[in-house]
Every structure is written in structure tokens, then in C-alpha cells.
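When a ligand or atom number is given, it counts from 1 through the structure's own listing order.
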Amino acid sequence: MTPIECGIVRLESRHLAAMARLEKKCFAEPWSLDMLEEGLAAPAGMALGMMREGELCAYALLLVVAGQAELLRIATDSACRRQGIGRALLRACLERLEQCGCRELFLEVRESNAAARALYESEGFEQVGRRPGYYVLPKEDALILRRAL
Ligand SMILES: CC(C)(COP(=O)(O)OP(=O)(O)OC[C@H]1O[C@@H](n2cnc3c(N)ncnc32)[C@H](O)[C@@H]1OP(=O)(O)O)[C@@H](O)C(=O)NCCC(=O)NCCS
């Protein structure tokens, strides 16, 4: 099944449990259901997901404020990686942000996260800063990336 055969959906509160399941599978420091709920309920919050055979296989959570957006979370289920899903989801986010007049997108990434960094770099993100010791488990710097829209 190609990413084209996966459907992009706007995520709502009924998807929270599936988002929290992906968090636990994908991150060393997963967001709790409450944190996700807060992000989703925020007026500036936007979340998109990829559905495959009725299951959430990837999701992205963003904050959009005054023409600037921040990508807070993006993850693909480990069973579905390297199939173009993360890229398709990121592109869908970029498209929606452009449609709503957003001018730039920022994100933070672990310096050692080669997979995510390769994805971001190939989609036009550039490093604009660094937060020393930002991550805890394990302790590591965050790189701040930006992409103009
Ligand atoms: C980063 C992540 C979302 C990518 O999702 P994915 O669905 O596997 O991504 P894609 O299949 O669309 O791959 C897109 C590109 O990412 C890069 N990439 C993905 N996995 C990679 C890996 N294991 N090693 C190196 N590059 C990789 C490649 O450039 C790839 O393009 P290519 O397949 O044309 O070479 C996924 O690895 C993930 O969920 N990781 C855990 C959570 C995470 O780290 N999120 C980012 C936090 S900042």
C-alpha cells in the first residue's frame, strides 16, 4: 500500500487514544493523553493523521499563531516506516499551512535523530538555532529548524 492509498484526516478528540498509543511506541519521552488533548483543544492547535485500513499509522501536531507555525510532534508507527508516509504527512501539513497564510514553520529535533533530520532537510528545513541539553532521556541538544512557506 502506498502513501497515496493512506488517507489524510484532520484529527479530533476521538483520535486521542490512538495518538497516545503512537506516542508511546515512537518517543523516549512520550506525551501523555492529557498533553495531547491540550494541544488539540488549543485554539492554535492543528493535528493531521494518516489512516491505513482504519488505523492511525502516523500523526502530526502543530501550533499555528499569527503566521508562524511550530511542528510539535510527528511520528509514524514503527511498522509503517520507510514507506513515504512521514513525508506525505509533512507535505500535507506544509500545504495546509500555506493555505491558511502561514509564512514559516519551526521545529525542534534531537541532534542524533538522523531519520527525522534527513526528512526535514530534504523538505527544505534549515538549522537556525540550538538548545543545549534540551532533551532529557537521554540528555541531548535540540536543533531548531525553520522552513519558509
Ligand atoms: C521521522 C519519521 C516520522 C519518518 O517517518 P517515515 O514514515 O518513516 O518517513 P518516510 O518513509 O516518509 O521517509 C522520508 C525520509 O526520511 C528519511 N528517513 C526516514 N527513515 C530513515 C532512516 N531510518 N534513516 C535515514 N533516513 C531516514 C529519508 O530521507 C526518507 O526519504 P527516502 O525514503 O526517500 O530516503 C519516523 O522515523 C518516526 O516516527 N520516528 C520517531 C518519532 C520521531 O523521531 N519524530 C520526529 C521528532 S522531531
Hey, is atom 19 (C) of ligand 1 touched by any protein heavy atom at less than 4.0 Å?
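Answer yes: something from the protein, a heavy atom, is under 4.0 Å.
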Take atom 10 (P) of ligand 1 and look for protein heavy atoms under 4.0 Å from it; say yes if you find one, no if not.
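Protein heavy atom within 4.0 Å of atom 10 (P) of ligand 1: present.
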Distance from L97 atom CG to E95 atom CD, nearest 0.5 Å?
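Reported to 0.5 Å precision, the distance equals 10.0 Å.
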Under 3.5 Å between any N/O of [X] and any N/O of ligand 1: does that happen in this structure?
X	value
I74	yes
R87	yes
E108	no
A88	no

So, do [X] and [Y] sit near enough that their side-chain heavy atoms are less than 4.5 Å apart?
X	Y	result
L56	M50	no
L16	M19	yes
Q127	E121	no
Y120	R147	no
N113	Y135	no
L71	L90	yes
E55	R52	no

Atoms of ligand 1 less than 4.0 Å from C26 heavy atoms?
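Near C26, the atoms of ligand 1 are 41 (C), 42 (C).
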With a cut-off of 4.0 Å, which atoms of ligand 1 are near a heavy atom of A75?
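Selected atoms, number and element: 39 (O).
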Donor-acceptor contact present, side-chain E111 to main-chain D141, <3.5 Å
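Pair absent, no side-chain N/O of E111 close to backbone of D141.
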Quick check: does any side chain N or O of E140 sit under 3.5 Å from a backbone N or O of S112, one acting as donor and the other as acceptor?
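Confirmed, E140 side chain pairs with S112 backbone.
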Proximity to ligand 1 by part of Y59, non-hydrogen separation under 4.0 Å
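It is neither; nothing of Y59 touches ligand 1.
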Could you see which bit of Q83 sits under 4.0 Å from ligand 1, with heavy atoms only: side chain, backbone, both or neither?
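Backbone only; the side chain of Q83 stays clear of ligand 1.
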Got the closest protein heavy atom to [atom], with its distance?
atom	result
atom 44 (O) of ligand 1	N113 ND2, 2.7 Å
atom 16 (O) of ligand 1	L119 CB, 3.4 Å
atom 38 (C) of ligand 1	R81 NE, 3.4 Å
atom 28 (C) of ligand 1	R82 NH2, 4.0 Å
atom 26 (N) of ligand 1	A115 CA, 3.7 Å
atom 48 (S) of ligand 1	Y120 OH, 3.2 Å
atom 29 (O) of ligand 1	A118 CB, 3.5 Å
atom 5 (O) of ligand 1	T76 OG1, 3.2 Å

F106: hydrophobic cluster co-members (side-chain, 4.5 Å):
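Reading the cluster by chain and number, F106 sits alongside V128, I144.
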Give a yes/no verdict on whether any heavy atom in G84 is under 4.0 Å from an atom of ligand 1.
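G84: in contact with ligand 1 (<4.0 Å).
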Taking the non-hydrogen atoms of E121, is any one of them nearer than 4.0 angstrom to ligand 1?
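E121 does not count as a contact of ligand 1 under the 4.0 Å cut-off.
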Verdict with reasoning, L11 to L61, per side-chain contact (heavy atoms from CB on, under 4.5 Å):
CA-CA 9 Å; L11 297 178; L61 178 63; over 6 Å; no
